[in-house]
Novice: 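My questions all concern the structure below.
Per chain, numbering begins at 1; letters A, B, ... match sequence-line order.
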Amino acid sequence: MTASAPLPPASPRSQPAEIPAQYDPAATESALYADWTRAGVFTARPERTTRQGGDADAFTIMMPPPNVTAILHVGHGLNNTVQDVLVRWRRMAGDEALWLPGTDHAGIATQNVIEKQLAAEGKTRYDLGRDAFVARTEEFVRTTGGAILDQLKAIGASCDWTRTRYTLSPEMSAAVREAFVRLYEDGLIYRGHRVIHWCPRCLTSLSDEEAEHEDVEGKLYHIMYSLTDDPSQGLTVATTRPETMLGDVAVAVNPEDERYKALIGRTVTLPIAEIEIPIIADEYADPAFGTGVVKITPAHDPNDFEVGKRHKLPMPVIMTPEGTMGEGAEASGRVPAQLRGVDRFAARKMIVAQLEAEGSLIKAEPHRHAVRHCYRCDTVVEPRLSDQWFVRMKPLAEPALEAVKSGRTRILPERHEAVYVNWLEGIRDWNISRQLWWGHRVPVFYCDSCGWEDALREDPADCPKCRGVVRQDDDVLDTWFSSWLWPISTLGWPDTGARDLKTFYPGDVLVTAPEILFFWVARMIMAGYRFMGDAPFHTVYLHGTARDTQHRKMSKSLGNGIDPLDVVARYGADALRWTIVSGLGMGADAIFDPADLEKTFAPGRNFATKLWNIARFLLTAAGEERVQRIDAIDAARLTRADRWILSRLDIAIDECDAALGPARPSGAQWPVEQRRAGMRLNEYAESARRFVWNELADWYVEASKSRLQGSGPDRDVARAVLVHAFDQALRLLHPIVPFITEALWQRLPGHVDGEFIARAPWPVRRGTAPEPSGFELVQEVIIRIRQLRSDFAIAPGKPVTVHVAHRGDTTDGGAAERYFDTILREEAPTIERLARATLSWDPIPTGTPNAKAAIAGGATVAMLLDGAIDVARERMKYAKELAELEKQLGSLEKRLASPGFTSK
RNA sequence: GGGCGAAUAGCUCAGCUGGUUAGAGCGCCUGUCUUACACACAGGAAGUCGGGGGUUCGAGUCCCUCUUCGCCCACCA
């Protein structure tokens, strides 16, 4: 279905020194993706897993298959980025990761696409006929379908493309058929004659989930039905759909309703149709609503249908499948000639007009109510009596309910668990037949000569009973009837001995949007239990919806969407992914500004650039000589800054692990303390970013420059630490920004050709406990001096001397001050370089008019800043802000009693 | 009609079991092209944590209530 594109040439291997000044995502990304593919980095190897005698845990994610005709939008970008982050993380953490991609044939959606094409040619599907229509759709899917999978490669999705699946492939179709036949044989699939949701545009029935509620401003019409034997009296019924009155077979009142008790058993004349119908008593009539009298239209209302069954009433269908007025076999004479063939909404107007003319219309009041619409074409759904195939859901729902209640499967965010439980507890049977042509055909066969029928795994040649001609059911199955098998059918089910099925089932995480919790997620869990005896995953992660800044859902019709490929072209895939992941609060909607891509995605690009520049510095500074492994460095040779950054790295690793982890429950169920843990991708991103940018780049790199630029043995220590810290940082970041991290990692000194960061081990903390290095004090002193410089507007180039003095705090015997002083003396070069100041331990010259002082370092040591020649002038310049400054500088201000400083 | 969520700096959002001066990015202000990076660096301003009550030694964090948005579910014609 998807021809894999020819691989671009391998990424250019440049020498460290040749690293370009500017990162070019476009030139890097596709080449790297081709490298990964060529090396089989994303291909899962069953033999490595513990389930096949290896030592790696299997980690499986099934991609929610996008519609085969879909093109990539931000929702896909969001969904697949999350999955990719998880899969890349686990792959590095040592799991044998399988992310299985694929597409959905999308019954109604795809059929609609082709029908639109046909409409443009002035044709309908009936002009082509079933076989030709299906052939045309297949051809369309074969040539243009599945493009979205190639688009996913552009955002870096690390799917196992050797296992790509399609819900309408022969293998998946066989699984669908097997599942149907088994459920049929088990009595869990049955044909039901009842009122279902009917889309008059798609000309098919819909499941409850596919008929979406939407509030509309309608009218509640009050219509007089007069008593047959006394036309001067009558009952007033209230309805929002007067056109259905032609199908009325009774009016119902509540048996307890004193107003109407006496009328029960008498008859009224149905206006327009002029048919006599009975007044019946049924609990369904609510005395408090409207007039308390309900018209009963069993063929066009699910409640009325139930009433009709209870009272054994006829059930005339008075509309055609297309939604025009017309008659079924049982409805003869109900629809007047002038209404036949008239669209239901036009007919409503005509009927109301006629009732008004006859004086039967009492009133029409505005009425806001929810009306069901087709989820694919938004047409108002018409309830309609028909024969459909149903799945009996109660028995299937029970284990799925238990899975979540027991903690076998958790749903994040947690609040969705209640929604899930509530839905399953009230579950109703699932209408799985669709009157479409595109999909899996219902595998039920009929013999018209002897009446035989059965669901079969293989097409029969003739009737097994009478050798008569058999025909197959015309309907196809709901798309979701194939989707719910996705976690098992993709791995080889119904062959339970299939290697992939045994290796990768049950899987781990399902990542999707809350909208399809019922459509898909719940049903997959049911199918998992029914056919494999276990849930297909232990975690359901429901992410938010992509919205614009007005919180409107991004959609084609609103034109407020963002094309992920446009973002990739302008800022790079890593920038797109960074923005998605760093803003991904648990379950919160993702807000992007389609009107300002720069504002939305520049931070991601900037971050990539930062990484690029750190690498440029590192490669220049580390040179091309061999860099020692961090483990080869004697701990005694590590400087304060070295120990600090290594400790910060450990903390960053811990934080990332905590934000992401646990990868799976420690037992068969989620223990309470783990149940809500992990999957906090934004926190993970922030921890990694803070480490590499605010700690490694802002402090360690700056503090180590002189060591790196010098010569001698200490340079090797600094090089080893720097390369190690950056290497580990790249690994931490790789799941989020895979391209730039791969590009840089492969340039690090010591990189072995053919190794990928995508398969490199996930960082593990080195130290056993956080080590106080004293470097924090160095930072504090530097910050204080910088603040003083800034507060007093000392020109950047101007040299200053900072006098270090002690308060003489002896409460601890002076230990703290001695400790602090030692650090200051040892780290003086670093402080002087980063704060651009000279430290002095000389006493401050008494009477110096320009002396200033500051309390620094936890208020244990006084630092006096001298050499600020322009203090007086600056002081006057800032006179207005004096009050503010005093507040900030606290006790410093007290010591500033220099002469000539009288307030102005 | 039932259920749920959100409301925190100008903007988009963190703040998980209540505990020291409420955080980030962008934006804003002041400097700086400091030999990796101006897609950057240094310093800074900015929040009565939607309103009102309550519990507590202590609440953005728990309870009640109101307001405004949003979502899900639903056979009241």
Novice: Applying a 4.0 Å non-hydrogen cut-off, can you work out what A:G292 is touching in the nucleic acid: base, sugar-phosphate, or nothing?
Specialist: base
Novice: Between B:C62 and B:G15, how far apart are the P atoms? Round to whole Å, please.
Specialist: 12 Å
Novice: In whole angstrom, give me the gap between the P atoms of B:A46 and B:A9.
Specialist: 15 Å
Novice: Within the 4.0 Å heavy-atom criterion, would you say A:R675 contacts the bases, only the backbone, or no part of the nucleic acid?
Specialist: nothing
Novice: So does A:H416 get a side-chain nitrogen or oxygen closer than 4.0 Å to the phosphate oxygens (OP1/OP2) of B:C71?
Specialist: no
Novice: I want to check one thing: is the phosphate of B:C76, taken as OP1 and OP2, less than 4.0 Å away from some side-chain N or O of A:H367?
Specialist: no
Novice: Could you check whether the rings of A:W612 and A:Y23 sit parallel, tilted or perpendicular, using 30° and 60° as the cut-offs?
Specialist: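 Ring orientation of A:W612 relative to A:Y23: tilted.
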Novice: Looking at A:R547, I'd like to know whether one of its side-chain N or O atoms comes within less than 4.0 Å of OP1 or OP2 on B:G70.
Specialist: no
Novice: Need one value for A:P603: base, sugar-phosphate or nothing, where a base atom within 4.0 Å counts as base even if backbone is also close, heavy atoms only.
Specialist: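 If one applies the 4.0 Å heavy-atom cut-off, A:P603 turns out to touch the sugar-phosphate alone, with no base involved.
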Novice: Reckon A:K705 has a side-chain N or O less than 4.0 Å from the OP1 or OP2 of B:U34?
Specialist: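 For B:U34, neither OP1 nor OP2 has a side-chain N or O of A:K705 closer than 4.0 Å.
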Novice: Which part of the nucleic acid, if any, lies within contact of A:E515, taking any heavy atom under 4.0 Å across all strands shown: a base, the sugar-phosphate backbone alone, or nothing?
Specialist: nothing
Novice: Below 30° counts as parallel, above 60° as perpendicular, anything between as tilted: where do the rings of A:F592 and A:F601 land?
Specialist: parallel
Novice: Does this structure show an ion pair linking A:E283 with A:R310, if we count only N-O contacts that are shorter than 4.0 Å?
Specialist: no
Novice: Are any of the side-chain nitrogens in A:E365 or A:K363 under 4.0 Å away from the carboxylate oxygens of its partner?
Specialist: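 Salt bridge between A:E365 and A:K363, a charged N being under 4.0 Å from a carboxylate O: yes.
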Novice: Would you check if there is a donor-acceptor pair between the side chains of A:E212 and A:Y375 at a distance under 3.5 Å?
Specialist: no
Novice: Give a yes or no on whether a salt bridge exists between A:E780 and A:R784, defined as a side-chain N under 4.0 angstrom from a carboxylate O.
Specialist: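 Yes.
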Novice: So which protein N/O to nucleotides 39-43 of chain B N/O distances come out below 3.5 Å?
Specialist:
residue : atom : partner : partner atom : Å
B:C39   : O4'  : A:N606  : OD1          : 3.0
B:C39   : O2   : A:R605  : NE           : 3.2
B:C39   : O2   : A:N606  : OD1          : 3.3
B:C39   : O2   : A:T609  : OG1          : 2.6
B:C39   : N4   : A:Q22   : NE2          : 3.3
B:A40   : OP1  : A:N606  : ND2          : 3.4
B:A40   : O3'  : A:K610  : NZ           : 3.1
B:C41   : OP1  : A:K610  : NZ           : 2.9
B:C41   : OP1  : A:W693  : NE1          : 2.5
B:A42   : O3'  : A:R786  : NH1          : 3.4
B:G43   : O2'  : A:S790  : OG           : 2.8

Novice: Are A:T297 and A:D248 close enough that a side-chain donor and a side-chain acceptor fall under 3.5 Å?
Specialist: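 Per modelled atom types, A:T297 and A:D248 side chains form a pair under 3.5 Å.
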Novice: So, A:D589 and A:R547, do they make that salt bridge, N to O below 4.0 Å?
Specialist: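 Result for this pair is yes, salt bridge flagged.
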Novice: Determine the Euclidean distance between corresponding C1' atoms of B:C41 and B:G53; express it in Å to zero decimal places.
Specialist: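 Roughly 49 Å separates the two C1' atoms.
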Novice: Is A:A615 touching bases, backbone alone, or none of the nucleic acid, heavy atoms closer than 4.0 Å?
Specialist: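 Nothing: the residue A:A615, judged by heavy atoms under 4.0 Å, touches no strand.
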Novice: Salt-bridge test for A:R680 and A:E686: reply yes if a basic N is under 4.0 Å from a carboxylate O, no otherwise.
Specialist: no
Novice: For A:F518, which contact category applies under a 4.0 Å heavy-atom criterion: base, sugar-phosphate, or nothing?
Specialist: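 Answer is sugar-phosphate: A:F518 comes under 4.0 Å of backbone atoms only.
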Novice: Pairing of RNA chain B as dot-bracket, 5' to 3': ( ) intra-strand, [ ] crossing, | other strand, . unpaired, with Watson-Crick or G-U pairs under 3.5 Å?
Specialist: (((((((..((((.....[...)))).(((((.......))))).....(((((..]....))))))))))))....
Novice: Could you check A:N682 against A:H213 and say which one's nearest nucleotide on RNA chain B is further toward the 5' end?
Specialist: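 Upstream on the strand: A:N682.
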